[in-house]
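One structure is given below, encoded as structure tokens.
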Amino acid sequence: MSDDHQATTSGVEPWVRQVLRCPVTGAELVDGTAPDGSPELVSTAATNRLAYPVRDGIPILLADEARAL
């Protein structure tokens, strides 16, 4: 498997992560780690930053599931 197709630390394929945006702010999402060590995608918005859980490699991009940063 080439580097272009390797899953990131969140378990989300890089090309998928590049397409995804925060549903609240529209900001880009980057890999992150929740306080419990589980993967998440973190909004790069300047304000109202949110982190979304990733479960079994699937990002849960629901505002109700997001953690405020």
Side-chain angles (χ1 to χ4, degrees):
M1 192 182 299
S2 73
D3 290 340
D4 291 345
H5 298 292
Q6 299 232 346
T8 59
T9 56
S10 65
V12 178
E13 293 286 338
W15 70 271
V16 174
R17 196 190 68 234
Q18 290 174 356
V19 174
L20 297 177
R21 295 291 180 257
C22 173
V24 175
T25 66
E28 182 179 357
L29 297 169
V30 296
D31 286 336
T33 304
D36 68 0
S38 62
E40 62 185 6
L41 292 178
V42 178
S43 169
T44 59
T47 59
N48 195 25
R49 291 187 64 217
L50 299 169
Y52 296 90
V54 176
R55 297 184 187 124
D56 297 323
I58 301 170
I60 311 300
L61 300 181
L62 301 171
D64 291 345
E65 295 280 333
R67 176 175 69 84
L69 298 176

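In this text the structure is predicted, and so the values were computed from the model without any measurement.
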First locate atom CG of Leu50, then atom CZ of Arg67, and finally report the distance between them rounded to the nearest 0.5 Å.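 Between Leu50 CG and Arg67 CZ, I get 9.5 Å after rounding to 0.5 Å.
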For Ser38, side chain to side chain contact (heavy atoms under 4.5 Å, CB included) partners two or more places apart: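 Residues passing side chain to side chain contact (heavy atoms under 4.5 Å, CB included) with Ser38: Ala34, Asp36.
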Decide side-chain contact (heavy atoms from CB on, under 4.5 Å) for Leu41 and Asp31; before the verdict, give the C-alpha distance in whole Å, the side-chain angles of both, and the deciding distance to 0.1 Å. CA-CA 5 Å; Leu41 292 178; Asp31 286 336; 3.6 Å; yes
Under 3.5 Å, side-chain donor or acceptor atoms of residues 58-66 against the rest of the protein: list the pairs with distances, not counting sequence neighbours.
{"residue": "Glu65", "atom": "OE1", "partner": "Arg55", "partner atom": "NH1", "Å": "3.3"}
{"residue": "Glu65", "atom": "OE1", "partner": "Arg55", "partner atom": "NH2", "Å": "2.8"}

Checking the side chain of Ser43 only, and the main-chain atoms of Ala27 only, is there a donor and an acceptor separated by less than 3.5 Å?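 No; zero donor-acceptor contacts below 3.5 Å.
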Using the rule that Ile, Leu, Val, Met, Phe, Trp and Tyr join whenever any side-chain heavy atoms are under 4.5 Å apart, tell me whether Leu29 and Val19 fall into a single cluster.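 Each belongs to a different hydrophobic cluster.
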If you group Ile, Leu, Val, Met, Phe, Trp and Tyr by side-chain heavy-atom gaps below 4.5 Å, do Val42 and Tyr52 land in one group?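 No, because Val42 and Tyr52 fall into different hydrophobic clusters, even though each may have its own neighbours under 4.5 Å.
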